[in-house]
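Heads up: the structure comes next, in structure tokens.
Remember, it's 1-based here, ligands and their atoms both numbered in the order they're listed.
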Amino acid sequence: MNEFDSERIAYLLDNEGYFATENIYDCDIVIINTCAVREKAENKLYGHIGNLKNFKTAKPGLIICVGGCTAQNLKEKISKDFPYVDIVFGTHNISQLPELILKKIKSNKNICEIKEKGFDCILDKFKRTYSFKSYIPISIGCNNFCSYCIVPYVRGREISIKPEEIYKTAKRLVSEGIIEIMLLGQNVNSYGKDLDKPITFSHLLDKISQIEGLKRIRFMTSHPKDISAELINIIADTPNIMNHIHLPLQAGSDKVLKMMNRNYTKEYYLEIANNIRSVIKNSCITTDIITGFPGEEREDFDHTLDVVKKVRFNRAFTFIYSKREGTSACDLIDNVSKKEKKEWFKELVTLQNQISLEENQKIVGECLEVLVEGKGKKNFLEGRLENNSVVNFEGTSDLIGKLVNVQITGAKSFYLTGKIL
Ligand code: 5AD
Ligand code: SF4
């Protein structure tokens with residue numbers, strides 16, 4: 001979602017005659033689009049702003065803008081702590097950015113513009129990073145209030161975008177040469193419930209999958225509590241809907257899941273994962289896991305390891321719990337030592353890396369379709385399989401944006417190698 005917002009910002013500024021530069025020394029405006037999910041992202045922001053101080057001293061006319069979730073979260077604090085930041089804008093103020101920049105140039109006064117709520121995402125107005133694949137957001141915000149998560153506070157309540165608008169955008173993109181679309185939402189499975197004429201996510205997927213020329217449809221993120229048999233069936237039955245589901249587990253123990261306000265149990269998660277594995281051919285399940293949640297004990301962590309072993313996730317994003325001010329988990333007492341958290345985290349990562357490696361090794365020798373996405377390391381091309389795994393192989397850059405057949409020749413935990421056929 002953050003990347004899509006950057007594409008919106010790029011579009012708006014392009015429209016005003018600004019253009020992007022690769023080299024920071026050439027620029028007159030710097031825009032930092034921030035994340036707030038973990039403290040690390042916030043610290044990164046401080047590092048970036050700190051680095052810009054000397055740069056601004058050397059180039060006094062430089063305009064520094066900070067937007068996105070940390071701007072929304074910290075509000076005036078950024079302007080107060082870093083007076084050389086010219087513009088702070090919130091997650092609901094993106095479309096105002098060109099006008100804020102003009103205001104700053106005219107008045108030379110610092111600006112902090114943060115709406116508490118709103119909806120200013122117009123699907124037509126974004127600058128695609130790639131010529132062959134694109135994001136389309138289908139809903140903004142989240143209603144789930146998982147107890148550790150800052151997202152509902154900085155993105156607001158869930159608002160579904162009208163299916164006609166999504167369909168129209170997808171059709172336009174395909175007519176412009178896009179062959180892969182990633183539908184975005186904090187919880188795509190609850191899509192459409194808030195619309196005047198409610199529809200399900202499966203229904204939307206079905207409609208979009210009928211667009212001629214659209215080769216690959218992806219979506220994220222799926223909340224396990226809202227996943228339906230209808231959705232699993234439609235993925236299984238529709239060739240251009242990819243076989244990959246990102247299904248955040250977060251934790252394996254019922255006690256921790258309850259404290260996280262996730263609204264499902266370990267057994268329920270395992271049941272869904274089993275359904276996916278049995279209904280969708282060659283299914284790929286990836287996940288997010290948090291370790292060290294306040295109150296999590298070794299016994300709880302063992303349940304997480306147990307789910308990891310049973311589901312055999314193809315890939316997992318693993319995080320150490322990060323306390324976010326204002327969330328309800330903030331009030332929970334944390335009795336787990338930092339040292340212990342780190343050890344659990346390492347144990348989880350080692351286990352998952354081994355499983356990812358073994359799952360990748362299973363497809364060595366197969367010939368699979370790859371969307372060539374760009375240049376990888378050395379002279380290699382980089383592309384993705386249907387299941388979203390990265391494949392590196394030798395080839396010429398005229399293949400970028402095309403679907404090619406690749407024989408898988410090698411496997412690592414995080415990527416595969418192959419030979420183009
Ligand atoms: N601490 C650690 N990880 C978090 N995530 C969200 N909030 C936190 C937090 N406070 C993780 C979840 C989510 C992913 C995007 O980030 O696993 O699925
Ligand atoms: Fe955060 Fe939970 Fe919403 Fe995901 S579903 S954005 S983890 S509150």
Side-chain angles (χ1 to χ4, degrees), residues 1-5 34-44 68-70 72-74 91 117 135 137-160 182-191 193-194 201 219-227 244-253 256-264 268-269 272 285-296 300-301 304 307-308 311 313 315-332 334 336 338 341-342 344-345 348-349 352:
M1 204 57 92
N2 175 289
E3 284 178 22
F4 182 76
D5 283 348
T34 60
C35 171
V37 168
R38 284 168 293 274
E39 197 184 359
K40 199 170 158 192
E42 210 174 294
N43 292 338
K44 251 190 188 174
C69 291
T70 291
Q72 185 80 24
N73 194 28
L74 300 182
T91 51
K117 55 183 177 182
Y135 294 124
I138 63 166
S139 61
I140 310 287
C142 185
N143 291 345
N144 288 313
F145 289 92
C146 302
S147 65
Y148 50 80
C149 185
I150 194 83
V151 169
Y153 302 92
V154 291
R155 291 271 176 186
R157 293 304 79 72
E158 184 178 289
I159 302 175
S160 299
M182 162 82 89
L183 302 174
L184 293 176
Q186 301 303 336
N187 175 13
V188 291
N189 303 113
S190 64
Y191 172 78
K193 288 181 185 163
D194 57 325
F201 178 56
F219 54 89
M220 75 189 319
T221 289
S222 295
H223 195 305
K225 80 176 165 63
D226 294 314
I227 213 152
H244 170 212
I245 303 190
H246 185 64
L247 195 67
L249 167 70
Q250 311 300 7
S253 115
V256 175
L257 285 169
K258 198 158 195 275
M259 288 195 299
M260 286 179 164
N261 192 30
R262 290 290 288 174
N263 280 304
Y264 54 84
Y268 176 80
Y269 188 97
I272 297 173
I285 309 179
T286 57
T287 202
D288 292 342
I289 298 171
I290 299 174
T291 59
F293 188 77
E296 184 181 34
D300 300 306
F301 177 65
T304 300
V307 178
V308 169
V311 177
F313 295 109
R315 296 175 289 280
F317 299 92
T318 45
F319 311 104
I320 291 178
Y321 170 71
S322 168
K323 187 172 174 171
R324 308 312 286 132
E325 282 310 322
T327 61
S328 59
C330 246
D331 304 327
L332 298 171
D334 196 354
V336 188
K338 276 216 163 93
K341 281 181 193 183
K342 278 204 174 134
W344 295 355
F345 182 74
L348 173 66
V349 170
Q352 180 54 50

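Annotation for ligand 1: atoms under 4.0 Å from non-hydrogen atoms of Y321 are 1 (N), 2 (C). For ligand 1, the atoms lying closer than 4.0 Å to a non-hydrogen atom of R324 are 10 (N). For ligand 1, the atoms lying closer than 4.0 Å to a non-hydrogen atom of I290 are 3 (N), 4 (C), 5 (N), 12 (C), 17 (O). Atom numbering of ligand 1 starts at 1 in the shown order; those under 4.0 Å from a heavy atom of Q250 are 12 (C), 13 (C), 17 (O), 18 (O).
For atom 16 (O) of ligand 1, the closest non-hydrogen atom on the protein side is R38 NH1, 2.8 Å. Looking from atom 6 (C) of ligand 1 to the surrounding protein, the closest heavy atom is V37 CG1, 3.3 Å. For atom 1 (N) of ligand 1, the closest non-hydrogen atom on the protein side is S322 N, 2.9 Å. Atom 18 (O) of ligand 1 has D288 OD2, 2.6 Å as its closest protein atom, hydrogens excluded (heavy atom only). Scanning the protein heavy atoms around atom 7 (N) of ligand 1, the nearest turns out to be Y148 CD1, 3.3 Å.
Protein residues with any heavy atom under 4.0 Å from ligand 2: C142, N144, F145, C146, Y148, C149, V151, P152, Q186, H223, R262.
A donor atom on one side chain and an acceptor atom on the other are not found under 3.5 Å apart for E296 and Y321. Side-chain atoms of E158 and S190 form a donor-acceptor pair, as typed in the model, at a separation below 3.5 Å.
When ring centroids are compared, F345 and F319 stay outside the 6.0 Å threshold.
F317 meets the ring-ring contact (aromatic ring centres under 6.0 Å, His included) test with H246; sequence neighbours excluded.
For S139 (side chain) and I159 (main-chain N/O), no donor-acceptor pair under 3.5 Å exists by modelled atom type. Listed for the D194 side chain is a donor-acceptor partner under 3.5 Å among the backbone atoms of S160.
Taking CD1 of I227 as the reference point, atom CD1 of I245 lies at 4.5 Å (rounded to 0.5 Å). Note that OG of S222 is 10.5 Å distant from CD1 of I285, once rounded to the nearest 0.5 Å. In this structure, the separation between OG1 on T221 and CG on N189 is 9.5 Å, given to the nearest 0.5 Å. Y268 contributes atom OH, which lies 9.0 Å from atom NZ of K225 (distance to the nearest 0.5 angstrom).
Within the structure, the closest approach of I320 to ligand 1 falls below 4.0 Å when heavy atoms are considered.
Using cut-offs of 30° and 60° on the angle between ring planes, the pair Y269 and Y264 is tilted.
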